[in-house]
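In what follows, every heavy atom counts, from backbone to side chain, and hydrogens, waters and symmetry copies are set aside.
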Protein chains: 2
Amino acid sequence: MSKDRPYSALVHRLKTAGLRPTRQRLALAKLLFESPGGDDRHITAEQLHAEALGESVRVSLATVYNSLHQFTEAGLLREVVVEPGRSYFDTNVSDHHHFYFEDSGELQDIPGEHVQMESLPAAPAGTRVARVDVIIRLSGD
Amino acid sequence: MSKDRPYSALVHRLKTAGLRPTRQRLALAKLLFESPGGDDRHITAEQLHAEALGESVRVSLATVYNSLHQFTEAGLLREVVVEPGRSYFDTNVSDHHHFYFEDSGELQDIPGEHVQMESLPAAPAGTRVARVDVIIRLSGD
DNA sequence: TCAACGAATTAGAATAGTTCTAATGTGTAG
DNA sequence: CTACACATTAGAACTATTCTAATTCGTTGA
Ligand SMILES: [Mn+2]
Ligand SMILES: [Mn+2]
Ligand SMILES: [Zn+2]
Ligand SMILES: [Zn+2]
């Protein structure tokens, strides 16, 4: 279909999401989605910024935040809040839940089938369920 | 049993928790646990501080934070994080989950029986489950 | 190809929630 | 009552995040 460079799939992904494929967004998307384990990363804005700088991708922290939020709105990422002042962006947008290791601050996926709710209560009138977050908090032994 | 003033039950509650019943802790505990609906309040530190000042209880914000954390450690409160930079303290420490109204920022209890997990995955070796948080995020219509 | 324009990026300031510091005050055991 | 550990406090500090307004870039269509 396309004879483009390695970025071609990402370019398409961003365009489809209504986002211009800028140098910064492409580089961040590459780090997010095409690293080893890219379909299950849990990363903070500061971590991604550091990672970019480490790869000599020049991008500001403000742009990292902007991009992460835009990717989230576009459904490419999912935001998971675990502590006040600590939120992760998750490259796995399928239906799943999380272990949170309180000691190390790490998040780990739990496949969706392993936690099932029976009888989710109905959303109150005038609202719809935007998301259901299940976080199993773990502490050391 | 006791012929003490209205604070007597609270004094006992704090002492049992290993906390000295100081003027500030008593006043905050009274606001938290003896308001109408005191077994189901979801309040932030700043809200509680404002409430205290409104009742002419002189207490610093630092003490409000200290007390909320101490109460939480003692099992009198439970902390619920809903957004980066927004955490609530919940006077309902029984097993239950929450609706979060994204528009208004309010939290509402869902009785424990109304959400049941089947087959919670086992905690990874070397860890124990400290808590399971279920937050159903609602957005307007 | 390129001008024009709206969109994106940026540095740095600003904000908000929370925690820290170190000086002062208070509850309680003896 | 005294002494001392514990608690409170004002304000500074800190951290994650958002904002601002100046600059740069991507796209489109002539
Ligand atoms: Mn956000
Ligand atoms: Mn806390
Ligand atoms: Zn995940
Ligand atoms: Zn609750």
Side-chain angles (χ1 to χ4, degrees), chain A residues 4-5 7-8 10-29 31 42-53 56-74 77 79-89 105 107, chain B residues 4-5 7-8 10-29 31 42-53 56-74 77 79-89 105 107:
Chain A
D4 292 288
R5 275 359 126 266
Y7 279 101
S8 132
L10 290 177
V11 169
H12 183 255
R13 204 160 176 188
L14 292 181
K15 280 188 170 166
T16 298
L19 298 170
R20 287 190 182 176
T22 63
R23 179 176 60 75
Q24 293 86 342
R25 295 208 273 228
L26 281 169
L28 294 174
L31 287 172
H42 302 92
I43 195 169
T44 66
E46 307 255 3
Q47 283 167 2
L48 181 58
H49 187 229
E51 210 170 280
L53 297 189
S56 305
V57 172
R58 286 197 329 293
V59 60
S60 72
L61 184 56
T63 294
V64 172
Y65 274 104
N66 289 340
S67 301
L68 286 172
H69 287 142
Q70 291 151 354
F71 292 0
T72 300
E73 269 179 66
L77 290 176
E79 192 174 0
V80 183
V81 185
V82 291
E83 280 181 23
R86 182 170 222 157
S87 84
Y88 284 95
F89 292 86
L107 267 192
Chain B
D4 292 286
R5 272 6 123 260
Y7 280 101
S8 130
L10 289 177
V11 169
H12 182 254
R13 204 160 175 188
L14 292 180
K15 280 187 170 167
T16 299
L19 297 169
R20 286 189 184 177
T22 63
R23 178 176 60 75
Q24 292 86 340
R25 295 207 274 227
L26 280 169
L28 294 174
L31 288 172
H42 302 92
I43 196 170
T44 65
E46 308 256 2
Q47 283 167 1
L48 181 59
H49 186 228
E51 209 171 280
L53 298 188
S56 304
V57 172
R58 285 199 328 296
V59 60
S60 71
L61 184 56
T63 294
V64 172
Y65 274 103
N66 290 340
S67 300
L68 287 172
H69 287 142
Q70 291 152 353
F71 292 0
T72 299
E73 268 179 67
L77 290 176
E79 193 175 358
V80 183
V81 185
V82 289
E83 280 182 24
R86 182 169 221 159
S87 85
Y88 284 95
F89 292 86
L107 267 191

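Dashed line: the shortest gap from a side-chain N or O of B/S87 to OP1 or OP2 of C/dT18 is under 4.0 Å. For D/dT17, neither phosphate oxygen OP1 nor OP2 lies less than 4.0 angstrom from any side-chain nitrogen or oxygen of A/H69. Neither OP1 nor OP2 of C/dT9 sits under 4.0 Å from any side-chain N or O of A/S60.
Rounded to whole angstrom, the span from the CG atom of B/L19 across to the P atom of D/dA7 amounts to 7 Å. For the pair A/L26 CG and D/dC25 C1', the interatomic distance rounds to 13 Å; values are reported in whole Å. The distance between atom CG of A/L14 and atom C1' of D/dG26, rounded to the nearest whole Å, is 13 Å. Here the C1' atom of nucleotide D/dC25 and the CG atom of A/N66 are 15 Å apart, to the nearest Å. Taking atom NE2 of B/H49 as the reference point, atom P of C/dT19 lies 15 Å away to the nearest angstrom. One interatomic measurement links the two molecules: CG of A/L53 to C1' of C/dA11, which rounds to 14 Å at whole-angstrom precision. Atom-to-atom, CD of B/Q47 to C1' of C/dA16 comes out at 14 Å; the value is rounded to the nearest Å. If you take OH of A/Y88 and P of D/dT17, they are 11 Å apart, rounded to a whole angstrom.
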Is there any protein nitrogen or oxygen under 3.5 Å from a nitrogen or oxygen in nucleotides 22-29 of chain C, and what are the pairs?
none

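Between A/L14 and A/L26, the closest heavy-atom pair is CD1-CD2, 3.9 Å. In plain terms, the two heavy atoms of B/A52 and B/L31 that are nearest each other are CA-CD1, 3.6 Å. Here the closest heavy-atom approach between residue B/T44 and residue B/S87 is recorded as CG2-O, 3.7 Å. Closest heavy-atom contact between A/L61 and A/A45: CD1-O, 4.3 Å. For the residue pair B/Q70 and B/R25, the shortest heavy atom distance occurs at OE1-NH1, 3.0 Å.
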- Task: For the pair A/V82 and B/V81, evaluate side-chain contact (heavy atoms from CB on, under 4.5 Å) and give the outcome as yes or no after the intermediate values.
- Result: CA-CA 7 Å; A/V82 291; B/V81 185; over 6 Å; no
- Item | Worked check of side-chain contact (heavy atoms from CB on, under 4.5 Å) between A/F71 and A/E79 | CA-CA 10 Å; A/F71 292 0; A/E79 192 174 0; over 6 Å; no
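Relative to the side chain of A/R25, the nucleotides C/dA8, C/dT10, D/dA16 differ in distance, and C/dA8 lies closest. Among C/dT18, C/dG12, D/dA10, the nucleotide with an atom closest to any side-chain atom of A/A62 is C/dG12. In this structure, the nucleotide among C/dT18, C/dT10, D/dT17 sitting nearest to the side chain of A/E46 is D/dT17.
In terms of the side chain to side chain donor-acceptor pair (under 3.5 Å) criterion, A/R13 has no residue partners (sequence neighbours excluded).
The only member of B/V57, B/L68, B/N66, B/L48 that meets side chain to side chain contact (heavy atoms under 4.5 Å, CB included) when paired with B/L28 is B/L48.
Comparing the start and finish of the helix from C/dT1-D/dA30 to C/dG30-D/dC1, five pairs each, the helix axis swings through 30°, to the nearest 10 degrees.
The environment of CD in A/E73 is sparse: at most 12 heavy-atom neighbours from other residues, nucleotides or ligands sit within 6.0 Å.
Mapping A/G18 and B/Y65 onto DNA chain C via the closest heavy atom, the residue that lands nearer the 5' end is A/G18.
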